[in-house]
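For reference, the structure discussed in these notes is given below.
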Amino acid sequence: MTAQVLVVGSANADLVVAADRRPEGGQTVLGGDTEVLPGGKGANTAVAAGKLGADVALLCAVGDDANGMLLLDSLRSSGVRTDFVRVVPKPTGLAFITVTPDGENSILVSPGANHALRPDDVAGCLPGPEVVVVSMEIPLDTVEYAVNAAAAAGTRTILNLSPVATVPEPTLAVVDLLLVNQHEAAWLLGRADDSAVTTSELPALLELGPRAAVVTAGARGAVIAEPGGLTEIPSPSVDVVDTTGAGDAFAGALATALARGSALADAVEDAVRVAALSVTRRGAQPSYPTVAELR
């Protein structure tokens, strides 16, 4: 089974609670009712691609439980191939998400079954895809193997390095496209604080090894860093409801456009549009637009 786009990453059930503010240390804050929604960086990316009509498959691990079925149903209804989804005797991963009135969120992830995804699981998926997207929330050695195996097979690789972590230099050196947000970029560049990176600093990301980098900047859009310089792609202005999963929507749209032969700048422009529309709705996967909605 060969898909145009292969996503290697996590699948979680999102437990989402709306609250007026996030609790600080030692505080209790009363929130709204809990919603249980399909999520996880890998599953979100695959669903975003599937809703855009991509031929996409997801390699992930879920538990043999109700949350695992929730995720499988969401994947299949979005057109994502689930042949590579492993069902394991561990609970499905969970993400505990607080969303405030400004649409911003804070997330705590309990990996669960995601820790069962191993390098051996990747071997049967390659070669074949045009693009492989690898995201975090799975074991780092699986991330490394997937990136290196895809590169060795001549497949275009996108590493969505979120949540940010230290990846060995030899692995970064074979990445075609590094995808991070401003704060993750700052961490990679050794910033002592959590402030967003400035545009002038972005070329330094290429010194880490990737052939190109895309840095998302929320309402400001995204910036592409390539050896020839920087390209800024603005975002349309929207009313923000919930930013949960917006970066994954971006990744799925980006992979879809690149697999179809789009130039990088055009692919990022598509991805910015998709991410912007996603934040106007609640949740992650339920917020992702279809092709018809983008016309």
Side-chain angles (χ1 to χ4, degrees), residues 1-16 34-51 54-97 107-129 131-147 149-150 153 155 158 160 162-163 165 244-245 248-249 251-252 255 283-288:
M1 191 279 289
T2 300
Q4 188 180 40
V5 176
L6 173 67
V7 180
V8 181
S10 63
N12 298 320
D14 289 349
L15 278 60
V16 184
T34 299
E35 292 183 273
V36 182
L37 301 171
K41 298 197 72 66
N44 289 349
T45 300
V47 165
K51 286 188 172 184
D55 179 11
V56 56
L58 174 65
L59 172 61
C60 71
V62 299
D64 186 12
D65 53 25
N67 288 331
M69 288 304 301
L70 170 73
L71 283 155
L72 285 168
D73 288 345
S74 179
L75 291 166
R76 290 166 179 157
S77 66
S78 302
V80 178
R81 299 194 193 190
T82 58
D83 308 61
F84 297 139
V85 176
R86 290 189 56 210
V87 179
V88 300
K90 294 189 71 173
T92 298
L94 296 173
F96 302 89
I97 303 174
I107 304 174
L108 174 66
V109 174
S110 173
N114 293 303
H115 273 169
L117 196 65
R118 305 304 307 160
D120 288 348
D121 299 318
V122 180
C125 306
L126 297 167
V131 176
V132 171
V133 186
V134 184
S135 58
M136 309 303 283
E137 298 181 344
I138 58 175
L140 185 56
D141 59 344
T142 305
V143 170
E144 294 172 26
Y145 184 91
V147 170
T155 301
I158 300 174
N160 184 8
S162 176
T244 304
D248 306 328
Q285 294 176 27
S287 74
Y288 297 161

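A distance-only check finds a donor-acceptor pair linking the side chain of R86 to the backbone of A116 [under 3.5 Å]. Looking only at distances, a side-chain donor or acceptor of S10 sits under 3.5 Å from a matching main-chain atom of K41. A side-chain donor-acceptor contact under 3.5 Å links N114 to the backbone of A11. Formation of a donor-acceptor pair under 3.5 Å by the D121 side chain with backbone atoms of L117 is not found in this model. Of the possible polar contacts, one joining the S78 side chain to the S74 backbone as a donor-acceptor pair under 3.5 Å is found.
Residues passing the side-chain hydrogen bond (donor to acceptor under 3.5 Å, both in side chains) test with S135: none are found, sequence neighbours excluded.
Residues C125 and L59 approach most closely at SG-CD2, 4.0 Å, considering heavy atoms. When all heavy atoms are compared, the tightest approach of A46 to V80 is O-CG2, 3.3 Å. The shortest heavy-atom contact between V133 and A255 is CG2-CB, 3.4 Å. Scanning all heavy atoms of the two residues, the minimum distance from A95 to D14 falls at CB-OD1, 3.3 Å. Contact between P286 and G283 at its shortest, heavy atoms only, is CD-C, 4.4 Å. Of all heavy-atom pairs spanning G245 and A284, the tightest one is CA-CB, 4.1 Å.
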Kindly determine whether V16 and T244 satisfy side-chain contact (heavy atoms from CB on, under 4.5 Å), including the steps that lead there. CA-CA 10 Å; V16 184; T244 304; 5.6 Å; no
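Within the 4.5 Å cutoff, the side chain of P139 has heavy atoms near those of the R118 side chain. Within the 4.5 Å cutoff, the side chain of I97 has no heavy atoms near those of the L15 side chain. For the pair R81/V56, no side-chain contact is recorded, criterion being any heavy-atom separation below 4.5 Å from C-beta on. Taking 4.5 Å as the limit, some side-chain heavy atom of V132 sits within range of a side-chain heavy atom of L126. Contact annotation: the side chain of V5 never approaches that of D55 to less than 4.5 Å [non-hydrogen atoms, C-beta and beyond]. Looking at heavy atoms from C-beta onward, E137 lies in side-chain contact with P163 at the 4.5 angstrom threshold. Proximity of V88 to V62: side-chain heavy atoms (C-beta onward) are nowhere separated by under 4.5 Å.
Separating the CG atom in N44 from the CD atom in Q285 is a distance of 4.5 Å, to the nearest 0.5 Å. In this structure, the separation between CG on D248 and CG on N160 is 6.5 Å, given to the nearest 0.5 Å. Going from atom OG1 of T45 over to atom OH of Y288 covers 6.5 Å, rounded to the nearest 0.5 Å.
A side chain to side chain donor-acceptor pair (under 3.5 Å) check over residues 60-72, counting only residues at least two apart or in different chains, returns the pairs D65-T92.
Remark: of the listed residues V7, L6, V8, V122, L6 is the sole one forming a side-chain contact (heavy atoms from CB on, under 4.5 Å) with F84.
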